[in-house]
**Q** 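Could you have a look at this structure, given as structure tokens, before my questions?
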Amino acid sequence: MKPTLVKVLFGLSIVLLICFLGGLVYIHYDYYNKTLPSYGSTPIDVYYVIHGVIFLIPSILCFVISLILNFTVKKK
């Protein structure tokens, strides 16, 4: 069970990291080209922070948990 969980968590962390990086590119492009008029007067840094909380923090947590589980599986 644990080796499968390690692989799933590692894969999930990679997917979340790709979503984070792709989202940053999309937010930057969309903010400066004004393709969506929904941004208003909010600075772009706020959108970066929100995007980081949604994608980067869970990605780091999944990666760290998968590393810890991987070391415990290898010890046994």
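For reference, positions follow the sequence shown, starting with 1.
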**Q** Hydrophobic cluster membership, with links at side-chain heavy-atom distances under 4.5 Å among I/L/V/M/F/W/Y: are L56 and I50 in one?
**A** yes
**Q** Taking all heavy atoms of C62 and all of L9, pick out the closest pair and write down the distance.
**A** CB-O, 3.7 Å
**Q** Using the rule that two of Ile, Leu, Val, Met, Phe, Trp, Tyr join whenever any of their side-chain heavy atoms come within less than 4.5 Å, decide whether L67 and L61 are in one cluster.
**A** no
**Q** Which pair of heavy atoms, one from V53 and one from P58, lies closest together, and at what distance?
**A** O-CD, 3.5 Å
**Q** Under the ring-ring contact (aromatic ring centres under 6.0 Å, His included) test, which residues partner Y32, sequence neighbours left out?
**A** H28
**Q** Would you please name every residue forming a side chain to side chain contact (heavy atoms under 4.5 Å, CB included) with V25, sequence neighbours left out?
**A** none
**Q** Do Y29 and L24 sit in one hydrophobic cluster, given that two such residues count as connected whenever their side-chain heavy atoms are within less than 4.5 Å of each other, even indirectly?
**A** no
**Q** Hydrophobic cluster membership, with links at side-chain heavy-atom distances under 4.5 Å among I/L/V/M/F/W/Y: are I44 and F55 in one?
**A** yes
**Q** Ignoring hydrogens, what is the shortest heavy-atom contact between N70 and V6? Give both atom names and the distance.
**A** N-CG2, 3.8 Å
**Q** Test of understanding: clusters of I, L, V, M, F, W, Y form through side-chain heavy atoms closer than 4.5 Å, transitively. Do I60 and Y48 belong to the same one?
**A** yes
**Q** Show me the side-chain donor-acceptor pairs of residues 12-21 shorter than 3.5 Å, one per line, residues at least two apart or across chains.
**A**
{"unit_1": "S13", "atom_1": "OG", "unit_2": "F10", "atom_2": "O", "d": "2.7"}

**Q** What do you reckon, are the aromatic ring centroids of Y47 and H51 less than 6.0 Å apart?
**A** no
